[in-house]
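Worksheet: one structure, shown below.
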Amino acid sequence: MAELINSANWLIILIHDAVTCADSVNCGDTRQLAIDCCIFAAVKKIIVVEAMQKDLGGGAGGPSTPKLRHRRRFNEVTQDSTASNGTHLLANDQNKYKSMWIRTYSTLWMFGGFAFILYIGHLYICALVVVLQVLMARELFSLLRKAHEDRRLPGFRLLNWHFFFTAMLFVYGRILSQRFFNTVTSDQVLYRLVSSLIKYHMVICYFLYILGFMWFILTLKKKMYKYQFGQYAWTHMILIVVFTQSSFAVANIFGGIFWFLFPASLIIINDIAAYIFGFFFGKTPLIKLSPKKTWEGFIGASVTTIISAFVLAYVLGQFKWLTCPRKDLSTGWLDCDPGPLFKPVYFSLPGWLPQWFPWNEIAVLPVQWHALWLGLFASIIAPFGGFFASGFKRAFKIKDFGDSIPGHGGITDRMDCQMVMAVFAYIYHQSFVVPQSFSVEMILDQILVNLTFEEQRNLYRRLGDILREN
């Protein structure tokens, strides 16, 4: 603002001097020529004055060299704010209470909606994940979008979405193929159709990708190569880093809602605890990439998350709706044997405890020991997903990826740590929780996926013959 006022003052002085000069100096045959001549003289005078001020070290007070300006986007930050790494702590923020209430209000709405979707079932949770993936892709696609170039490339945005939905078909086809089989086994027509689609699933996805690849090559335009190849690379980065990681959440859902809800809850608890501890006690900056993160918030959130993991696993482990795996795509209520992982083991308490202590023994679910490892990862490793996103935003000089959630930013701002956690939860579940030996269920799954209906009937007859002989 001061720079603008300074420039206006110089302009007023320049015009005044030029008009006054025209009355007293003979610069030409007419008054207009005299004014033009004196404007030139006044500009020379300003240049000389600026040069003198710079020589004397007083350039800061004079008019600065004009700078090219551009309109800032809604989420773009200024250079001053990006330069103050580590100095803008939440504990020193003057507007922190207003920000806290906005975040709290938005969080309550998100909790309510999320709880309702959890209640109505697995398929609807998957639909929620898909919607979040589409919204994240929309935010990230538009991050490098340039309106001028896009106008010269009609259909180029559609090509990005073609790659996105091809990746979606490939990933979800792999994850949900067995559930499709189990859903349509009673209908012969649908069963044959689904069998054919799953058998040729990889071929279909491959040729859809090749179609997009050819589409991209045919749309290349001279003087636009760099922009187009940059967008092509950007699209694939989004698919690999964002879409593929978040898709592991869907695999977790069908292994039991517990394995989706529990890791996601740990990230939410860690985020809230870090905000609260940083809000009231944060004084020591943690990392320059994210100036509001503090050591106090990080340590407080880590302890809170690990303790919460042990307690929350016990609470969630009581509900069969959360612990039972879903074998098909139906939406009915689930009732199953939860298995030894969710059956309590009782431990006697030591005798030196005071007499007034109400319990002689405590019940611990075996899953609670697994929960401690998940809590440790959620509190120490998963926040680096947020740091990565912070560095990414600083590289592009933006404050948030979007503004769809008041007080929180965009969908991507809320999902950065969740993606890292979803991958770890899936790998941990498959490596340390799911039995590694063959079971009847696993063999039946392989038979249904890999054998045709006639081959299955032939196998049934041969097994019958073997059993009768024995």
Item to check | Side chain T412, main chain F401, donor-acceptor under 3.5 Å | outcome: no
Checklist entry - Do other residues, nucleotides or ligands put more than 12 heavy atoms under 6.0 Å from the OH atom of Y346? => result no
Next on the checklist: Looking at every non-hydrogen atom in both residues, tell me the closest pair between I267 and A382 and how far apart they are.
Outcome noted: CD1-CB, 3.5 Å
Item to check | Results of salt bridge (charged side-chain N to carboxylate O under 4.0 Å, His left out) for R462 - residues two or more places apart only | outcome: none
Checklist entry - Heavy-atom count around W295 CH2 within 6.0 Å, excluding the residue itself: above 12? => result no
Checklist entry - So, D413 side chain and D400 main chain: donor-acceptor pair closer than 3.5 Å or not? => result no
Item to check | Side-chain touch I210/Y206, heavy atoms, less than 4.5 angstrom | outcome: yes
Item to check | F248 and its ring pair (Phe, Tyr, Trp, His ring centres under 6.0 Å) partner, picked from F254, Y426, F424, F243 | outcome: Y426
Checklist entry - Just wondering, do F156 and F216 contact through their side chains at under 4.5 Å, heavy atoms? => result yes
Next on the checklist: Restricting to non-hydrogen atoms, name the atom on G385 and the atom on D416 that form the minimum distance, rounded to 0.1 Å.
Outcome noted: O-CB, 3.7 Å
Next on the checklist: Using only atom types and a distance under 3.5 Å, with no angle test, would you say the side chain of S142 pairs donor to acceptor with the backbone of E139?
Outcome noted: yes
Item to check | Atom pair CD1/SG of I117 and C126 - distance to nearest 0.5 Å | outcome: 11.5 Å
Next on the checklist: So for atom OH, which belongs to Y460, do other residues, nucleotides or ligands contribute more than 12 heavy atoms lying within a distance under 6.0 Å?
Outcome noted: no
Checklist entry - In terms of heavy-atom contacts, does CZ of R179 have more than 12 from other residues, nucleotides or ligands at under 6.0 Å? => result yes
Checklist entry - Is there a donor-acceptor contact under 3.5 Å from the side chain of Q368 to the main chain of L365? => result yes
Item to check | Set of side-chain hydrogen bond (donor to acceptor under 3.5 Å, both in side chains) partners for S246, sequence neighbours left out | outcome: Q133
Item to check | Side-chain heavy atoms of M202 within contact of R174, under 4.5 Å | outcome: yes
Next on the checklist: With a 6.0 Å cut-off on the ring centroids, do F260 and H122 count as close?
Outcome noted: no
Checklist entry - Are the aromatic ring centres of F377 and Y428 under 6.0 angstrom apart? => result no
Checklist entry - Just wondering, are more than 12 heavy atoms of other shown residues or ligands nearer than 6.0 Å to CZ in F388? => result no
Checklist entry - How would you list, by chain and number, every residue that makes a ring pair (Phe, Tyr, Trp, His ring centres under 6.0 Å) with H236, sequence neighbours excluded? => result F163, Y209, Y232
Checklist entry - What heavy-atom pair brings A309 and G375 nearest, and what distance separates the two atoms? => result CB-CA, 4.0 Å
Item to check | Criterion ring-ring contact (aromatic ring centres under 6.0 Å, His included) on Y225 and F229, from CA distance to verdict | outcome: CA-CA 6 Å; Y225 296 152; F229 277 99; 7.2 Å; no
Next on the checklist: Just checking M237: does its CE atom have more than 12 heavy atoms from other residues, nucleotides or ligands closer to it than 6.0 angstrom?
Outcome noted: yes
Item to check | 4.5 Å side-chain heavy-atom contact, S177 and K199 | outcome: no
Next on the checklist: Contact between L349 and I362 at the side-chain level, heavy atoms closer than 4.5 Å - yes or no?
Outcome noted: yes
Item to check | Flag if over 12 foreign heavy atoms under 6.0 Å of CZ, F319 | outcome: no
Checklist entry - Does any pair with a residue in residues 296-312 pass side-chain hydrogen bond (donor to acceptor under 3.5 Å, both in side chains), and if so which ones, sequence neighbours excluded? => result N270-T305, T284-E296
Checklist entry - Where the side chain of W321 meets the backbone of L118, is there a donor-acceptor pair that is under 3.5 Å apart? => result yes
Item to check | Spatial distance of atom CE (M421) from atom SG (C417) [nearest 0.5 Å] | outcome: 10.5 Å
Item to check | Atom pair CD/CD1 of Q228 and I217 - distance to nearest 0.5 Å | outcome: 9.5 Å
Item to check | Side-chain donor or acceptor of N252 paired with backbone N/O of A422 under 3.5 Å | outcome: yes
Checklist entry - Given the rule in the ring-ring contact (aromatic ring centres under 6.0 Å, His included) test, do F111 and F114 qualify, once you have shown the distances and angles that lead to the verdict? => result CA-CA 5 Å; F111 276 160; F114 187 56; 8.0 Å; no
Checklist entry - Rounded to the nearest 0.5 Å, what separation is found between the CG atom of L190 and the OG1 atom of T183? => result 10.5 Å
Next on the checklist: In this structure, is the centre-to-centre distance between the rings of F342 and F258 below 6.0 Å?
Outcome noted: yes
Item to check | Distance-minimising heavy-atom pair for I240 and T244 | outcome: O-CB, 3.4 Å
Checklist entry - What do you reckon, are the aromatic ring centroids of F310 and Y314 less than 6.0 Å apart? => result no
Next on the checklist: Is there a side-chain contact between I411 and L132 in this structure, where contact means two heavy atoms from C-beta onward sitting under 4.5 Å apart?
Outcome noted: yes
Checklist entry - side-chain hydrogen bond (donor to acceptor under 3.5 Å, both in side chains): which pairs involve residues 324-337, sequence neighbours left out? => result K320-D335, R326-S330, D328-S330, D337-K343
Next on the checklist: Are T323 and Q318 packed together at the side-chain level, in the sense that at least one heavy-atom pair is separated by less than 4.5 angstrom?
Outcome noted: no
Next on the checklist: Could you report the tightest heavy-atom contact between V433 and L341, atom names first, then the distance?
Outcome noted: CG1-CD2, 3.4 Å
Next on the checklist: Quick check: closest heavy atoms across L334 and C324, and the distance to 0.1 Å?
Outcome noted: CD1-O, 3.6 Å
Item to check | side-chain hydrogen bond (donor to acceptor under 3.5 Å, both in side chains) pairs, two or more places apart, involving residues 154-167 | outcome: D150-R157, R157-Y227, R157-Q231, N160-T235
Next on the checklist: As an exercise, state the distance from CG of L193 to CZ of F180, rounded to the nearest 0.5 Å.
Outcome noted: 10.5 Å
Next on the checklist: Working to the nearest 0.5 angstrom, can you tell me the gap between I299 CD1 and S379 OG?
Outcome noted: 11.5 Å
Checklist entry - Going through the checks in order, is the side-chain contact (heavy atoms from CB on, under 4.5 Å) test met by I253 and L261? => result CA-CA 8 Å; I253 292 168; L261 177 61; over 6 Å; no
